[in-house]
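Following: one structure in structure tokens, then a few remarks.
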Amino acid sequence: MAGLQARNRSGGLPLAEILLGLAVLGGSSAAMLAGLEPFATWFYLFAWYATLLALDGAATFGGERPGLLRRPAHLATLLAWSAVTWLFFELLNLRLRNWYYVFVPADALPRRAGVLLAFATVFPAIFGAEALLDRLGFARGLRCRPLRVTRRLLGGLRAAGVAALVLPLLLPDLFFPLVWVSLALLLDPANRRRAPERSLLGDLERGQPGRLLRLLAAGACVGLLWELYNARARGKWIYTVPGFEGWKLFEMPLAGFLGFPLFALECFAVWQALVLAGLAVPRAGAPLRAPAITRALAVAAAGVLSTAALAGMERVTVSSVAPELAELPGVPAGVLQRAGYDVFSLARAEPAKVAAGLGRPEAPEVEGWIETARLAVFEGIGTGNVGRLRSLGIASVAALAACDPANLARRLAADGGPEIPERRVRGWVRAARTALGGGTSFPAPAHMVDFPP
């Protein structure tokens with residue numbers, strides 16, 4: 001133990017974390033950009049666990065703060081409750097429909113394992129960023145006028161928290177932003193009552209806004225990384241936020257970045273509530289211990305919530321799975337696979353080059369194969385949805401751009417397949433018009449495809 005502490009003080013172990021994290025991040029980024037699997041699909045996982053290593057090393061380098069790897073019980077509960085907490089927001093999204101997932105693995109077991117591993121990074125990312133900002137001295141000695149916390153204020157915050165949770169479920173298109181403050185408003189007053197040092201209200205009551213400001217900054221920084229790591233990965237999420245469908249940075253509408261700092265406060269409030277309930281191990285200090293029956297009930301409740309959220313995601317939020325050539329309608333998968341193509345490389349290929357490589361210099365159908373592949377990979381549409389679009393006469397991105405989105409959504413709803421929300425169809429058509437330089441205004445011009453009602 002003394003040797004480990006000495007290495008920590010000298011910076012040896014944190015430095016190794018930093019170097020290893022940066023090496024994995026750089027290597028996985030290069031592999032993802034080259035289209036190599038599993039990095040192309042699973043890039044988010046490789047990138048974030050590498051980032052967590054580097055963050056932890058940087059936050060603990062030469063300091064007294066214990067690293068994540070030196071307290072396994074803390075790390076285990078941090079990862080587990082992070083996944084459960086984000087699955088709670090996935091449950092809310094079944095009503096909000098603000099994002100969906102594309103090109104996830106087709107097999108259920110690796111898909112669900114990957115989902116849990118990805119969601120497990122949320123808490124460590126935010127708290128690691130806050131710890132690094134603290135290590136750098138950001139807002140550490142800042143003072144403000146102490147906040148007078150009254151019973152009326154606490155009651156108002158709790159009432160606002162309830163409203164922020166209920167209103168988005170009643171009127172999601174109008175009140176959806178409120179979910180990103182609801183848990184902080186509900187939980188932080190209770191945390192202050194039990195342990196003011198674990199509450200942001202307690203900090204403000206003491207005239208110490210530093211932790212609050214660091215969490216806000218950490219949320220903003222981590223949110224930018226979330227969107228950056230998501231942008232080029234094959235397995236990813238896409239937003240369909242009402243009123244904010246345009247003006248995006250990566251996949252996120254610009255206004256959506258304002259939600260990340262507030263979300264960091266929610267994560268802090270949830271984590272501190274879990275620590276105070278004896279259900280999570282803090283980074284430093286002796287953990288509280290909840291009664292065995294309380295722990296059992298908490299684990300059971302988390303299991304039910306997680307199972308319900310994963311099942312709901314499969315039915316509502318997952319839009320497409322990783323595309324395979326064999327699933328592309330009208331495409332000779334075996335011939336193309338033997339020539340070294342998959343759906344993504346076929347979508348990038350030139351018709352003449354593909355035809356020549358297959359020994360078919362006069363094969364006009366090759367262009368159709370490539371257009372089908374391009375439609376499948378466009379905006380994560382996927383092979384299943386390509387078949388549905390083709391049945392409506394839409395066999396290319398250009399044909400998609402020529403559609404009226406509302407009418408197309410109605411036609412898709414009438415074909416008996418899984419539901420595709422109109423908001424998602426609008427996103428496809430908008431992106432197709434942008435890709436072809438046709439702008440994004442709606443409704444569609446008169447020359448665009450208009451199916452009979």
Side-chain angles (χ1 to χ4, degrees), residues 97 99-104 231-232 234 236-242 244-248 250-251 253 317-325 327-331 342-351 354 364-453:
R97 303 290 184 95
W99 65 86
Y100 64 94
Y101 297 98
V102 301
F103 294 161
V104 298
R232 294 295 298 273
R234 289 179 181 172
K236 62 192 292 185
W237 63 81
I238 296 175
Y239 294 99
T240 53
V241 182
F244 297 94
E245 295 170 341
W247 298 98
K248 291 185 176 183
F250 308 125
E251 290 293 343
T317 319
V318 171
S319 180
S320 62
V321 298
E324 298 287 344
L325 275 175
E327 300 165 349
L328 278 181
V331 172
D342 61 13
V343 177
F344 294 95
S345 58
L346 180 63
R348 295 191 302 268
E350 295 294 330
V354 175
E365 69 271 21
V366 171
E367 187 171 347
W369 304 343
I370 293 174
E371 289 292 350
T372 300
R374 288 174 178 170
L375 185 59
V377 302
F378 185 76
E379 288 293 292
I381 286 175
T383 51
N385 291 324
V386 160
R388 298 173 68 181
L389 291 172
R390 282 172 60 93
S391 72
L392 299 176
I394 303 166
S396 67
V397 174
L400 179 63
C403 291
D404 172 71
N407 202 10
L408 176 56
R410 287 194 297 270
R411 296 291 292 173
L412 287 169
D415 72 0
E419 178 193 4
I420 303 178
E422 182 179 336
R423 210 184 294 168
R424 193 176 304 174
V425 176
R426 288 175 63 87
W428 293 351
V429 175
R430 181 184 294 272
R433 295 180 188 176
T434 300
L436 297 175
T440 60
S441 60
F442 296 107
H447 73 277
M448 295 190 175
V449 176
D450 187 26
F451 299 103

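Numbering starts at 1 and runs along the sequence shown.
- Between Pro329 and Gly387, the closest heavy-atom pair is CG-CA, 4.3 Å.
- Under the salt bridge (charged side-chain N to carboxylate O under 4.0 Å, His left out) criterion, Glu350 pairs with no residue, sequence neighbours left out.
- Taking OG1 of Thr240 as the start and CD of Glu251 as the end, the distance is 11.0 Å to the nearest 0.5 Å.
- Rounding to the nearest 0.5 angstrom, the gap separating the CD1 atom in Ile238 from the CZ atom in Phe250 is 15.0 Å.
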For this session: Go through Thr372 and Arg390 one step at a time and tell me if the side chain to side chain donor-acceptor pair (under 3.5 Å) criterion holds.
Result: CA-CA 9 Å; Thr372 300; Arg390 282 172 60 93; 3.1 Å; yes

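- Under a 3.5 Å cut-off, the side chain of Lys236 and the backbone N or O of Ala231 do form a donor-acceptor pair.
- When all heavy atoms are compared, the tightest approach of Trp99 to Thr317 is O-CG2, 3.4 Å.
- Note: Leu400 CG to Cys403 SG = 5.5 Å, rounded to the nearest 0.5 Å.
- Across Tyr100 and Glu379, no two heavy atoms sit closer than the pair OH-O, 4.1 Å.
- The two residues Ala376 and Val343 come nearest to each other via the heavy atoms CB-CG1, 4.4 Å.
- No donor-acceptor pair under 3.5 Å is formed between the side chain of Arg430 and the backbone N or O of Pro405.
- Side chains of Asn407 and Arg411 form a contact here, defined as non-hydrogen atoms less than 4.5 Å apart.
- Remark: side-chain polar atoms of Arg423 are paired, donor with acceptor, to backbone N or O of Arg97 under 3.5 angstrom.
- With values rounded to the nearest 0.5 angstrom, Asn385 atom CG is found 8.0 Å from Leu412 atom CG.
- Put simply, CG on Leu389 and OG on Ser396 are 10.5 Å apart, with the number rounded to the nearest 0.5 Å.
- Here the straight-line distance linking atom CG of Leu375 with atom OG1 of Thr383 works out to 11.0 Å at 0.5 Å rounding.
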For this session: Would you check, one step at a time, whether the test side chain to side chain contact (heavy atoms under 4.5 Å, CB included) holds for Val377 with Leu346?
Result: CA-CA 10 Å; Val377 302; Leu346 180 63; over 6 Å; no

Problem set entry | Step-by-step side chain to side chain contact (heavy atoms under 4.5 Å, CB included) determination, Ile394 to Leu408 | CA-CA 10 Å; Ile394 303 166; Leu408 176 56; 3.6 Å; yes

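- Taking both residues in full, the closest heavy atoms of Glu422 and Ala406 are given as OE2-CB, 3.6 Å, listed atom of the first, atom of the second, then distance.
- Contact record, Val366 with Pro351: CG1-O, 3.6 Å, taken as the closest heavy-atom pair.
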